[in-house]
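Note that the coordinates shown come from a computational prediction; the quantities given were computed from them, not determined experimentally.
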Amino acid sequence: MSGWDEGTIFYSDQAHFPAGDPDQGSLTRHTAQRKFKEFIRSYHGPKGDFSYRESLLHNPHYLPVAMEDLDFYDGELSEKIRRTPADYLPLFEQAAAEVLGGLKSKVPGEAGEMEEPSTGEIQVLLSSKENPTSIRALGAEYISKLIRVSGIIIAASRTKAKATYVTLLCKNCKNVKMVPCRPGLGGALMPRSCDHVPQPGEEPCPLDPWVIMPDKSKYVDQQTLKLQENPEDVPTGELPRNMLLSADRNVVQTVVPGTRVTVMGIYSIYQAANSTLQKGAVAVRQPYIRVVGIEQATESGSRGITAFTTDEEMEFKEFARMPDVYPALCKLVAPSIFGHEDVKKAVACLLFGGARKRLPDGVRLRGDINVLLLGDPSTAKSQFLKFVEKTAPIAVYTSGKGSSAAGLTASVIRDANTREFYLEGGAMVLADGGVVCIDEFDKMRPEDRVAIHEAMEQQTISIAKAGITTVLNSRTSVLAAANPPSGRYDDLKTAQENIDLQTTILSRFDLIFIVKDARDHQRDMQIAKHIVNVHTTAGSATKDADSQEMDNWLKRYIEFSRYYCSPRLSDSAAAMLQNNYVRIRQQMRKQSHEMGEATVIPITVRQLEAIIRISEALARMQLSSVVTEEHVTESLRLFHVATMDAARSGITDHITVTPEMRAEIQQIESQIKRRMGIGSYMSERRLVDELAKMGMSEFTVRRALVIMHQRDEIEYRRERRVIVRKA
C-alpha cells in the first residue's frame, strides 16, 4: 500500500536500514517483501485451506493476520514486525496488494489490451493470543515496538480526514510536488526550498515558496479513541490511567464507548499542539498507540472467550454433578458474614444470572438479576456489595451520594484540543457484562435515580446531548443497598413509610430484601462468637491463601457457567410458573382491596420475568440446560421470602380500612390542604400536633399523609421532617 507510512522507504534502502545495522542480518527490504508475498500465497491452516489467499479474495480492503501463523511460518519475519513495525507493516501491505493483483484475472484496458486490475490499498490488521501488557507498564523501552493492551474504550471522537500525501504548489514557478505524511498523529515534513532549476533570466524561487493544495491531496479516515484500564486491574486508591489511540481506515467507527477491547498497536509519540505547559521542554513528547488491530470482547463473557483448561472443565462438570451444588455455592458467598442465608442465595443468583434472549423481531429480554437490600444499619449490606465487587468477573462499586446521573450513565465532554464534543461512559457502561454495586441508594437525588431506569430494564443508555445521539450498552446487574428514611426499619410504620422509593424503580428489582437487626439473645450470642472468631483468625496466612483460592475458583466457575450454559424452561416448569403468578396477583389484589390502597411494591409482569430469571440462574449453577420444577419451587420460595414479605411488611397486615376511617382520612386531607397552600413548607411534627388538638388521632393523620404522598400531592424533605405541598 504505497504512501501510507514513511515515504522515504520507497526511495532507498539506506533510509531505513543503515549499512551498519547489526540487527538487520540478511533480511533486506526486498527479501522481506518477497517473504510476505510467499506467506500470503502459500500459508495453509490445519484444515489445509489457504486462509489468507481466500480472505483477500473475499475482502479486498483489509487482511486480518494472526501473529501465531507468522511465527509458525517465519520466526525472523514476525520478530522484525514486533521490533520495528513501522518499517515492515507498509511492506506487508504492499505485498498483500501485489498478491491480490496476481490473484485477480486481467481486465481489458482502454486500448483493448488486457491489463492488471487496480487493487487499491489493503490494510493489514494484526491479532495475537499473547498476554496483554498493562497500560501502567508501558515505558520508554516500548517506543516504536508492537504492543498488546486491553481496556475499555471510554471516548471516541468524530471521524476526521488525515492526509497520507500532501500536494504542494510553488508560488513562484507553479511547480507541483507531493510530500508523504507521517502516519498516526504525525504531520508532513515540509521542504524549505523549491527544487526547480531556474532558466537564465528567470527569478529563482524564494525560501518557503510552497502552498498546500488540500483538494489535490490524498486522505484516509482517522479517529482518535481513549482507552482506560479495566476497573479490576486498577490498584486500590489509584486513579485509572488513560491512553490515546489513533485508528485509521477500516478500524474507524468499529467500536463505541463502553466496549471492552484488546488492541494491537505501535507505541508511538507525538508533540501536543497546545503544549503551553511544556514550552521549554522541546524533547518531551506525549505517548499514544497507533492501532494495527482491535479485538472486541464477546457479548457473553465481556472479556472474549476465556481459555479454560481441560482439567478445569472436568473439575467444574464434576462439581456440577454433585447433589448439593446449590448449598455448596451459597456457602462460598461471603463466608465471613453470619446468617442471611436467603440473601446469600439471592447474591449467588445475581452472580450467575439468567439467560439473555433475543426475540425474532429484534427485542432483547434481559437475563441480569437486580437485587435491593433495604434495612437497618450494621446488617452487613455494604459487605455483601464489597464481596460481589471482588468476586464478579466484572464489577464497579459506587456510592449513591457521590454519584451523579452523568457519572452513572454517560457524560458529554468537550475536547480541550479540538473543541469538539465526545462521549465518556459512566459506571453502568464500564460494567457492561458485569455487576454495578450502588451503596447508599436512598441518598441519591431522585433525578439521578431516574437516569438508571432505562439501564435497569432495557439495558441500554440513550444519549441525546450536544448534537450526539447514540445508544450505549449497559447489560449489567444492579446490587443496591439502602436504609429506610428514618435510618432504622420501623415496624410501627407502614411499608410506604419505610420504603421511601418510587414504584417505578422498585418494580425493576427482581428481589427486594428487608434486612432487620432482630434483638434475640441466642442469635446475638452466635453473631458475637462469629465476629470474635473472624477477628482472632484474621491474620493466619493459610486461611487467607485458602479463601483467596476459593474466591478465584468461584470467579472462574461463574465465568464458565455464564459462557457455556444457557438454560431454557421445561413445559411443566412453565405451567407451574403461570399458575403461581396468577395466584400471587389475586392475593395482592385482595390485600389492596381490603386495605383500600395499592401495595408499595407492585406485583407486575416484571416480577414474573424475575422468577423466570432466578430459576434460570439456579439451573445455571448446576450447569443444567433445562429449568425444572425444582428450580421454579426454589425461585418462588426466594421471591416469597424477599419481595412478597417486603410488600406485606410493616403494620399494613393488621389494618382494615373501615368506611368511618376513610371518611376521617378525607376530612384530614381537606384540613391539610386548607392549612398548606401549594408550594408552602410545614414541619411534620407541627402539622400532626395541630390536627391532634382538633381531636383527630395521630395514627390516622400519618396515614392520610402517606396516602397524599403516594398521590404525589405532598413531598417530604430533610429526612421526612418537613412537608412541601405540591400542585
Side-chain angles (χ1 to χ4, degrees), residues 299-300 302 326 329-330 333 342-359 363-373 388 392-394 431-436 452-460 473-480 505-513 558 561-570 572-581 584-585 601-644 646:
E299 195 173 300
S300 58
S302 280
Y326 178 49
L329 282 171
C330 294
V333 174
D342 289 326
V343 178
K344 288 183 181 180
K345 287 173 181 174
V347 168
C349 290
L350 174 134
L351 287 168
F352 282 88
R356 279 197 198 107
K357 302 171 192 75
R358 194 180 183 120
L359 303 183
V363 174
R364 285 181 183 175
L365 297 178
R366 74 175 164 105
D368 298 296
I369 295 168
N370 302 325
V371 177
L372 172 67
L373 306 178
V388 169
I394 300 159
D432 185 28
V435 185
V436 178
I452 65 172
H453 278 201
E454 183 195 359
M456 284 178 72
E457 191 60 44
Q458 276 71 41
Q459 301 213 302
T460 55
N473 282 327
S474 71
R475 296 160 298 200
T476 62
S477 301
V478 176
L479 177 60
I505 195 99
L506 288 174
S507 71
R508 284 169 165 79
F509 283 106
D510 300 340
L511 292 171
I512 299 167
F513 280 94
I558 290 166
S561 65
R562 284 184 80 124
Y563 185 74
Y564 285 101
C565 187
S566 185
R568 288 287 181 269
L569 282 169
S570 64
S572 57
M576 188 178 173
L577 270 169
Q578 288 170 15
N579 298 333
N580 275 284
Y581 170 69
I584 291 169
R585 285 275 288 187
I601 299 170
I603 304 298
T604 61
V605 180
R606 277 187 184 150
Q607 274 59 45
L608 174 61
E609 289 186 333
I611 300 168
I612 294 170
R613 279 190 287 272
I614 298 160
S615 308
E616 288 170 350
L618 293 167
R620 207 174 234 179
M621 287 182 203
Q622 299 171 348
L623 299 183
S624 164
S625 57
V626 178
V627 177
T628 61
E629 288 187 32
E630 189 186 331
H631 298 138
V632 172
T633 308
E634 174 58 17
S635 69
L636 281 164
R637 189 195 70 79
L638 267 179
F639 185 74
H640 273 285
V641 299
T643 311
M644 293 294 288

Check: S570 side chain, V627 main-chain N or O, donor-acceptor pair, under 3.5 Å: yes
Quick one: pull up [atom1] in [X] and [atom2] in [Y] and give me the separation to the nearest 0.5 Å.
{"X": "L577", "Y": "L569", "atom1": "CG", "atom2": "CG", "answer": "6.0 Å"}
{"X": "F639", "Y": "I512", "atom1": "CZ", "atom2": "CD1", "answer": "8.5 Å"}
{"X": "R508", "Y": "R606", "atom1": "CZ", "atom2": "CZ", "answer": "4.0 Å"}
{"X": "C330", "Y": "K345", "atom1": "SG", "atom2": "NZ", "answer": "6.0 Å"}
{"X": "E634", "Y": "I611", "atom1": "CD", "atom2": "CD1", "answer": "12.5 Å"}
{"X": "L479", "Y": "L511", "atom1": "CG", "atom2": "CG", "answer": "11.0 Å"}

Those residues that, when tested against D342, pass salt bridge (Lys or Arg N to Asp or Glu O under 4.0 Å) (two or more places apart):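 If we apply the salt bridge (Lys or Arg N to Asp or Glu O under 4.0 Å) test to D342, skipping adjacent residues, the hits are R637.
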With sequence neighbours excluded, residues passing salt bridge (Lys or Arg N to Asp or Glu O under 4.0 Å) with R366: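 Result, salt bridge (Lys or Arg N to Asp or Glu O under 4.0 Å) vs R366: E457, D510.
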If the condition is side chain to side chain contact (heavy atoms under 4.5 Å, CB included), which residues does [X] pass it with, not counting sequence neighbours?
{"X": "S625", "value": "none"}
{"X": "V363", "value": "L359, D361"}
{"X": "N580", "value": "M576, R583, L636"}

Test applied, side chain to side chain contact (heavy atoms under 4.5 Å, CB included); reference residue, V343; option that passes from V333, L373, L638: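 Exactly one option meets the side chain to side chain contact (heavy atoms under 4.5 Å, CB included) with V343, and it is L373.
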Any pair counted as salt bridge (Lys or Arg N to Asp or Glu O under 4.0 Å), so long as it reaches residues 614-628, sequence neighbours left out: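 Checked against salt bridge (Lys or Arg N to Asp or Glu O under 4.0 Å) - neighbours excluded - the pairs reaching residues 614-628 are K357-E616.
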Side chain to side chain donor-acceptor pair (under 3.5 Å) against S561, all qualifying residues, sequence neighbours excluded: none
Side chain to side chain donor-acceptor pair (under 3.5 Å) partners of T628, counting only residues at least two apart: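 Scan of T628 (side chain to side chain donor-acceptor pair (under 3.5 Å), adjacent residues dropped) gives H631.
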V347/V371 under side-chain contact (heavy atoms from CB on, under 4.5 Å): CA gap, chis, key distance, verdict: CA-CA 8 Å; V347 168; V371 177; 5.6 Å; no
Residues V605, Y581; criterion side-chain contact (heavy atoms from CB on, under 4.5 Å); working and verdict: CA-CA 9 Å; V605 180; Y581 170 69; 3.7 Å; yes
Y326: ring pair (Phe, Tyr, Trp, His ring centres under 6.0 Å) partners, not counting sequence neighbours: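 By the ring pair (Phe, Tyr, Trp, His ring centres under 6.0 Å) rule, Y326 matches no residue at all.
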